[in-house]
There are 2 protein chains.
Amino acid sequence: MKTPNIVILGAGYGGIMTTVKLQKILGANEAKITLVNMNDYHYQSTWLHENAAGTLHHDRTRIPIKDVVNTKRVNFILDKVVSIKPDDKKVKLKKSELDYDILVIGLGFEAATFNIPGLDEYAFTIDNINSARLIREHIEYNFALYNTETEKKQSRLNIVVGGGGFTGIEFLGELANRIPELCEEYDIEKNLVRIINIEGSPSVLPGFDPQLVEYAMNSLEARGVEFITDAMLKECKPDGIVYEKDGRHEAIPTMTTVWAAGVRANAIVEQSGMNTNRGKVEVREDMRAPDYEDIFVIGDCALVMNPENGRAYPPTAQIAIQESDVVAHNVKALVNGGEMESFKANIMGTVASLGNNDAIGIILNDQKLFGWKATIMKKIIDNRYLLKLGGIGLMMKKGKFNIFY
Amino acid sequence: MKTPNIVILGAGYGGIMTTVKLQKILGANEAKITLVNMNDYHYQSTWLHENAAGTLHHDRTRIPIKDVVNTKRVNFILDKVVSIKPDDKKVKLKKSELDYDILVIGLGFEAATFNIPGLDEYAFTIDNINSARLIREHIEYNFALYNTETEKKQSRLNIVVGGGGFTGIEFLGELANRIPELCEEYDIEKNLVRIINIEGSPSVLPGFDPQLVEYAMNSLEARGVEFITDAMLKECKPDGIVYEKDGRHEAIPTMTTVWAAGVRANAIVEQSGMNTNRGKVEVREDMRAPDYEDIFVIGDCALVMNPENGRAYPPTAQIAIQESDVVAHNVKALVNGGEMESFKANIMGTVASLGNNDAIGIILNDQKLFGWKATIMKKIIDNRYLLKLGGIGLMMKKGKFNIFY
């Protein structure tokens with residue numbers, strides 16, 4: 001019998017953790033493992049907002065694949081997935097084509113812009129290392145331009161963030177801390193800069209505990225963030241946006257619109273012909289696609305129902321990491337003929353940072369945290385992931401330890 | 001008799017040194033001293049190419065006026081000079097108007113673009129802190145954009161420097177050292193980046209010792225700089241330039257053209273109605289304008305003839321600083337009725353840096369220097385100026401002491 005060919009697509013939270021686990025639990029002769037990723041690094045997408053604001057260097061956010069994956073054991077292919085052909089058991093990459101016996105799809109998310117005019121062209125999104133770094137540079141470039149122009153353009157100093165969900169709020173927190181530094185660097189008066197959040201719901205962080213939401217808004221407003229809630233972004237232009245509130249259209253001049261109001265699963269999944277629900281594969285309890293015995297889907301490409309309330313789990317790093325336990329176990333079971341496990345989420349809590357020195361969170365389903373306690377909790381969660389992924393060495397190298405400010 | 005009113009326009013090398021000397025040699029009751037400058041800082045224009053390349057932070061290049069000028073003794077006005085009316089003994093500023101009894105004009109240089117189409121609009125110049133910082137940001141922004149675009153644009157990685165004179169060559173030296181760092185920061189392969197110098201003469205640094213010119217070109221070419229000599233820039237567009245060589249027009253795609261091929265005196269001097277020669281006032285031996293007993297002109301706004309060869313001294317920091325000795329002495333002589341001095345240049349040498357770790361120079365008129373000896377000499381010259389301007393404290397704070405790399 002030939003050695004089964006396991007192919008893992010994507011080295012996000014789900015893909016990389018599955019790979020790291022499989023290289024431990026599968027013997028070298030039991031299966032061939034191939035990991036495909038478009039970069040030679042894994043990155044923590046939950047830290048990208050810090051890279052975008054410029055408060056954390058992007059090299060802290062990314063981890064070279066070879067630092068956590070044993071490339072003697074795992075065949076790493078640096079390439080971009082073009083399409084998946086589940087019926088032919090093939091994956092088309094830009095430069096080659098792969099056959100698989102078992103496939104793990106962990107291709108992550110992309111920004112969803114809901115056909116709002118101009119958003120694709122002119123708004124920035126916090127998707128990956130390149131796009132996050134570009135936001136940092138774009139803001140700095142506009143601040144540098146401001147003082148070189150005879151006619152001062154306020155649009156260079158206005159930053160609009162679309163969406164007051166998790167990413168939006170965390171980005172606002174970093175930005176609010178970063179602006180005073182930028183003003184010093186570019187000789188700009190701090191009170192000229194505006195940071196504006198536009199949120200469609202009556203409140204930011206919809207669904208989150210109201211007391212914590214108020215804490216977050218107070219913390220950000222104290223640092224100069226303006227909130228416009230119940231407002232819809234209608235159009236994005238190179239030098240401004242238009243939003244609708246109370247039936248009226250209002251304009252804000254800005255060169256910098258960061259769209260943080262929606263993500264969707266990588267479109268390749270939908271294009272593969274598999275059954276999808278809003279772009280995601282509604283997986284079985286064992287994390288396999290409903291119609292294919294040999295395809296697992298993980299992370300933001302998978303829709304996993306919470307049997308307790310009949311709703312889907314949110315697309316978080318925490319869930320993706322937990323799914324990788326089950327996916328790795330079940331891939332091994334397929335290879336060896338062992339018993340499959342079912343996914344069961346164990347939500348430890350949710351913490352949103354509000355900059356390096358403030359945060360809000362709920363842990364163990366009901367305990368509220370804010371301020372330095374929540375900040376510490378956030379950093380513990382981040383460090384714990386690094387420990388699981390690459391051991392103490394990686395945690396020491398990339399972890400966050402300045403927990404008291 | 002009323003206390004004479006001394007007004008100094010501009011806090012460049014000539015203006016600030018004149019002010020610092022006058023505050024020492026004139027008693028508080030002898031004269032009122034006013035310094036006008038458009039920034040609240042003095043900057044070393046000979047260091048701006050380092051800020052533009054990103055190898056030195058601009059805060060190292062600038063010095064707060066209040067750190068070197070005693071603002072109890074000198075009335076500092078933060079404003080921009082609009083016009084000078086020598087017959088009315090008035091200076092119009094943006095926000096006010098000043099009367100003077102004795103005027104010192106040290107308004108410095110601006111870029112000369114010789115009506116080359118597009119140069120004013122699309123080329124960058126190394127004129128001041130704001131424009132130098134913008135070049136740094138512009139290059140970084142284009143490098144950041146490169147990896148976010150599906151269709152890779154080589155124009156983002158091509159940097160064209162117009163002019164192989166002193167500023168051009170010194171900028172190229174810094175840029176050549178900076179590019180490898182930028183490539184690492186923005187995930188770009190180093191061999192994709194092109195740095196191209198376009199010079200109208202058959203060789204760069206025209207008039208400089210040929211052996212040292214060859215040394216400089218070898219040093220820069222070894223670090224990837226391409227030279228196109230005997231070539232004229234004909235047009236600058238947002239995404240490229242056109243130059244003419246051997247009667248043919250050639251195009252280079254580039255988003256970044258830095259024009260370092262010409263400066264002229266601040267146009268306000270010419271507009272004042274004083275007699276000028278190519279925008280500069282050909283001063284008398286005592287540094288006064290020919291037709292006005294009460295106006296001194298210093299630095300790049302002054303044309304000073306070398307009696308030995310009948311040619312004008314070059315517009316350098318060294319000359320401006322030496323002129324300030326004579327100007328300060330003669331202003332005091334006008335106030336007190338003492339004897340006027342004549343300017344006599346004492347050219348100690350000329351050193352051009354080729355990055356932080358290489359340089360070429362001629363000292364004491366004939367001795368050639370290159371490599372680390374020239375680098376040390378350059379830094380000694382720079383540190384000596386800081387010592388003269390603000391004492392040991394300023395030299396220690398802003399000086400350059402890493403002289404062995």
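Chain letters run A, B, ... following the sequence lines, proteins first, then strands; residues in each count from 1. None of these values were measured; they are calculated from a predicted model.
Atom CD of A:Glu189 has 12 or fewer neighbouring heavy atoms from other residues, nucleotides or ligands inside a 6.0 Å radius. Annotation for B:Lys152: atom NZ counts as buried by contact number, over 12 foreign heavy atoms lying within 6.0 Å. No more than 12 heavy-atom neighbours from other residues, nucleotides or ligands sit within 6.0 angstrom of CD on B:Glu184. More than 12 heavy atoms of other residues, nucleotides or ligands lie within 6.0 Å of CG in B:Asn191, so this atom counts as buried by the packing criterion.
At a heavy-atom cut-off of under 4.5 Å, chain B is reached by no residue from residues 257-272 of chain A. Residues of residues 129-151 of chain A that come within less than 4.5 angstrom of chain B, heavy atom to heavy atom, are A:Asn130, A:Ser131, A:Arg133, A:Leu134, A:Arg136, A:Glu137, A:His138, A:Glu140, A:Tyr141, A:Ala144, A:Leu145, A:Asn147, A:Thr148 in numerical order.
Looking at B:Asp187, both its backbone and its side chain come within 4.5 Å of chain A, counting heavy atoms on both sides.
Side-chain atoms of A:His57 do not come within 3.5 Å of backbone N or O of B:Glu185 as any donor-acceptor pair.
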